[in-house]
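Atoms within each ligand, like the ligands themselves, are counted from 1 in listed order.
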Amino acid sequence: MRTKLVVGNWKMNCGIEETKILLESILKNYNGANLNNLLQVCVCPSFTSLSTAFKILESNTIALGAQDVSINDNGAFTGEVSIAMLKELDCQFVIVGHSERRMYFKESDELINKKVKKILENNLTPIICVGETLEQKENNQTKEVIKKQIHGVTNNLSNEDLLKIVIAYEPVWAIGTGKNATPDQAEEVHLFIRKLLTLKSTINVSESISIIYGGSVKPENSKQLVAMENIDGFLVGGASLKSNLFLEIIHSF
Ligand code: PGA
């Protein structure tokens, strides 16, 4: 059985006070004990709120994740945050290759691959985002784009490494737009990703990798999406900022 995962990507929202309010509101109604024990929940606040979230989540089963990491360990890299800094705050997950970072900060598959290796060397879990733009979708390039991204971001990973990654399929046209991929559309791409991973490793390895979906996930569509064979959870943006919506998504498992 693959681990199911619900990850809240708070993006550039929630300073310290808002982080406290949001997390306390989630925790008040979150009953991890009632959940299927294969479900892992994780929140990814901004760097400046990680320490607040770390203190609040200390003895909780909700894990902490970061939204990015540097490929460098320390030194003169203004504005960057190292993996050691994330480990001090007990971050277990790091999102890499989000389309917003690819688009606004020109991150390449090659750079994302370096980040993935840095995260794995440090025994954290990379949540690696891939996904096509609307233009690419309309030009029937979805599979071609996904194939190139998957090959690039997983370049030179061993089977042992691959067992520790999470892939997030996030069609760019569905992020923050209210237009989610239909369960069938998402399932088709998830299955395609799993086949690509099988070619890079073995069936046993690829069958163990969690592939989560992101892009306008909300309580209205989460149940149908998660019913699909190859959808192992969600990367949630907007709806993760509202405790009631995030909890409803968690409880759709
Ligand atoms: P959204 O964002 O749920 O607001 O569409 C998802 C994401 O970008 O990870």
In terms of atom number and element, which parts of ligand 1 are under 4.0 angstrom from non-hydrogen atoms of [X]?
X      : result
Asn9   : 9 (O)
His98  : 7 (C), 8 (O), 9 (O)
Gly215 : 5 (O)

Honestly, for Ile175 the part within reach of ligand 1 (heavy atoms, under 4.0 Å) is both
At a non-hydrogen distance cut-off of under 4.0 Å, which region of Ser240 contacts ligand 1 (side chain, backbone, both, or neither)?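 Neither part.
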Qualifying residue for side-chain contact (heavy atoms from CB on, under 4.5 Å) with Phe246, from Asn29, Leu22, Val217, Val43: Val43
Pairwise side-chain hydrogen bond (donor to acceptor under 3.5 Å, both in side chains) hits with a residue in residues 235-247, at least two apart: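 The answer is Ser25-Ser243.
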Can you name the one residue among Lys114, His151, Gln149, Arg102 that meets side-chain hydrogen bond (donor to acceptor under 3.5 Å, both in side chains) with Asp109? Arg102
Answer yes or no: is there a donor N or O on one side and an acceptor on the other, between the side chain of Asn221 and the main chain of Ser216, under 3.5 Å? yes
Side-chain (Ser210) to main-chain (Leu5) donor-acceptor, under 3.5 angstrom: no
Tell me: protein heavy atom nearest [atom], and distance?
atom                   : answer
atom 3 (O) of ligand 1 : Gly237 N, 2.9 Å
atom 4 (O) of ligand 1 : Gly238 N, 2.8 Å
atom 7 (C) of ligand 1 : Glu170 OE2, 3.1 Å

Work out whether the distance between some heavy atom of [X] and some atom of ligand 1 is less than 4.0 Å.
X      : result
Ala174 : yes
Ala239 : no
Lys218 : no

Does an N or O from Gly176, backbone or side chain, lie closer than 3.5 Å to an N or O of ligand 1?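 Yes, at least one N or O pair falls under 3.5 Å.
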So, regarding Ser216 and ligand 1 (criterion: nitrogen or oxygen to nitrogen or oxygen, under 3.5 Å), is there a contact or not?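 Yes, there is a polar N/O contact under 3.5 Å.
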Strictly by modelled atom types, are His98 and Gln67 linked by a side-chain donor-acceptor pair under 3.5 Å?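 No pair is found: no donor N or O on one side chain lies under 3.5 Å from an acceptor on the other.
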Do Trp173 and Gln136 have side-chain atoms, one donor and one acceptor, less than 3.5 Å apart? no
Can you check whether Glu121 reaches Lys118 side chain to side chain, under 4.5 Å on heavy atoms? yes
Which residue pairs pass the ring-ring contact (aromatic ring centres under 6.0 Å, His included) test with at least one member in residues 186-243, sequence neighbours excluded?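 For residues 186-243, and leaving out neighbouring residues, the ring-ring contact (aromatic ring centres under 6.0 Å, His included) pairs sorted by first residue read Tyr169-His190, Phe234-Phe253.
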